[in-house]
Asker: 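Just dropping this structure here.
Values in this document were obtained by computation on a predicted structure and should not be read as measured data. Residue numbering restarts at 1 for every chain, and letters A, B, ... go by the order of the sequence lines.
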There are 2 protein chains.
Amino acid sequence: LSAALGTWVDGVRTDSLPADDRGFQYGDGLFETLIARAGSVRFLEAHLARLKSGCERLGITFNAMQSLRADIATALSLGPPQVALKIIVTRGSAIRRGYAPHGNEAARRVLSSWPSPAGSDAHVDGVDLCLSSHRLAANPALAGIKHLSRIGNVMASAEASKAKCFDALLLDAAGRVISGAMSNVFTVREGRVVTPRVDQCGVAGVMRAVVLRECAALGIGIAEENLTLEEMFAADEAFVTNVRIGVVPVRRVGEHSFGMNILSRRLRTHIETLDA
Amino acid sequence: LSAALGTWVDGVRTDSLPADDRGFQYGDGLFETLIARAGSVRFLEAHLARLKSGCERLGITFNAMQSLRADIATALSLGPPQVALKIIVTRGSAIRRGYAPHGNEAARRVLSSWPSPAGSDAHVDGVDLCLSSHRLAANPALAGIKHLSRIGNVMASAEASKAKCFDALLLDAAGRVISGAMSNVFTVREGRVVTPRVDQCGVAGVMRAVVLRECAALGIGIAEENLTLEEMFAADEAFVTNVRIGVVPVRRVGEHSFGMNILSRRLRTHIETLDA
């Protein structure tokens, strides 16, 4: 058990936040979770690019990217060398009460540093997923971005904890597989990799993008496609990804077992050794 | 333009909040917006009952209802006599990073007091709604409760602001009418009132419950039913509700105009004069 190692709000080291922040009031903001190893953040540019894109999608004017980079350097300088850094950018303090943004809010950035267990081999043999009872909502305007309104992920993750599973698999309203509550999902069938589209719901994870890129680089066939649960269960293997765990084979989803993890272990090893 | 008049975090007057609060980190909490007139909160028991129910639905152990009542009394004692009070209850500070609750978090309560323009007649002639491009997600586990993950409402309200409309009408994935971004919706056809069910998505507003109760008391036929946009447009009149505005006739939804507001004005006047 552990709390944050350090927190910076708009560059000032403090554990407290203005209570009128719209991130708190309405979930009106975005976040990124970054992993630092040996004092260096993996995939930093991909995270900052996604954050920038998310701000544009939500209409949040965020002009402090250079200051955020400085915050990250400060957090890293305090160590330990292996930490999880969480960036939150919100629309800022509420100028008036009510959902509608006023338009003149000043975006706020919060960086916090958290312990991150090393354990790169912790999940090498695979993890179990439960099937969440929650369904993801189609909302193209919000799909893909990592906004702060995550009560659905919280509830699905609570289901996973209760079932003693690593993560909970989330379907959309039509029953298509979208993602884990905290991971993206891939299947492998006859050597071809498939991951669900995230243009209607779900989050376009940074590690998901790395897998798409690296499969292409390795000459492994990969596509973003609709994926039913039946199609997933017909796959030879399945794996989940996020920047903290990397590529992790799925052993089971509910009662269904996957027999192989050949390609997922190959990708795991390959991506572990990437520089960025 | 105005900020909060006063804020109390777990009973202590302060404008700041621990940055590791799960309400901020994940939208993991609930809120209520209460209206006080002449120093007295309307429908207080209904708000606190909904808050209690929401905590149970989210698995938040909240044992400070009496302290919250004391916070409200403190806020009211500072005036002005007409204010909006916003209660937020979150799961509390994160014990560890990640969506899944640890289980031992200590729930946190935040009460803030905001200016609330008197203007009980401001919308008496009716308001215009735009049709939101966002669709509400079916999620029975979260339907009805007023949780903090409101980015969808923020984006829909921004659409309403841009269209210079009072509120944005939200449909579900199947195209059924559910609610406004900040209001519940009712139609009247041949003297019979219909409001959409909120067991799949949407919020079960306190004023919505008052309208259901008072229609029954007045002998007006009322039912919770599925409602398509076509059925809404076939209605004689329509109105929106929340505790701040009471009952407000809808003049237009996009290009569609409603010609009458007879029953909505009657209900408005009746509910304005209720004691609670």
Asker: Sort B:Thr90 into side chain, backbone, both or neither according to what part of it lies under 4.5 angstrom from a heavy atom of chain A.
Answerer: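 Contact with chain A: side chain only.
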Asker: Report which part of B:Ile88 has an atom under 4.5 Å of a heavy atom belonging to chain A: side chain, backbone, both, or neither.
Answerer: side chain
Asker: Which of residues 5-24 of chain B get closer than 4.5 angstrom to chain A, counting heavy atoms alone?
Answerer: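 Listed by number, the contacting residues are B:Thr7, B:Asp15, B:Ser16, B:Leu17, B:Pro18, B:Ala19, B:Asp20, B:Asp21, B:Arg22, B:Gly23, B:Phe24.
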Asker: Please determine, among A:His147, A:His134, A:Met182, the option with the most heavy-atom pairs under 4.5 Å with chain B.
Answerer: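 Winner by heavy-atom pair count: A:His134.
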Asker: Heavy-atom cut-off 4.5 Å, strictly under: side chain, backbone, both or neither for B:Leu142 against chain A?
Answerer: side chain
Asker: Between B:Phe31 and chain A, which part of the residue has a heavy atom less than 4.5 Å away: side chain, backbone, both or neither?
Answerer: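 Only the side chain of B:Phe31 comes within 4.5 Å of chain A.
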Asker: Check whether any side-chain N or O of B:Ser149 sits under 3.5 Å from a backbone N or O of A:Arg150 as a donor-acceptor pair, and report yes or no.
Answerer: yes
Asker: Rounded to the nearest 0.5 Å, what's the gap from CE on A:Met155 to CZ on B:Arg57? Could you check?
Answerer: 8.5 Å
Asker: Can you give me the closest heavy-atom contact between A:Tyr99 and B:Ala181, atom names plus distance?
Answerer: CE1-O, 3.1 Å
Asker: Would you give the length of the straight line joining atom OG of B:Ser116 to atom CZ of A:Arg97, rounded to the nearest 0.5 angstrom?
Answerer: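 Between B:Ser116 OG and A:Arg97 CZ, I get 6.5 Å after rounding to 0.5 Å.
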Asker: Which bit of B:Val154 is near chain A, if near means a heavy-atom gap under 4.5 Å: side chain, backbone, both or neither?
Answerer: both
Asker: If you compare all heavy atoms of A:Trp114 against all heavy atoms of B:Ala94, which two are closest, and at what distance to 0.1 Å?
Answerer: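 Looking at all heavy atoms of both residues, the shortest contact is CH2-CB, 4.1 Å.
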Asker: Counting only non-hydrogen atoms closer than 4.5 Å, can you tell me which residues of residues 158-176 of chain A sit against chain B?
Answerer: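 Listed by number, the contacting residues are A:Ala158, A:Ser161.
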Asker: Nearest 0.5 Å, what's the CG-CD1 distance between A:Leu58 and B:Ile151?
Answerer: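 Going from the CG atom of A:Leu58 to the CD1 atom of B:Ile151 covers 4.5 Å.
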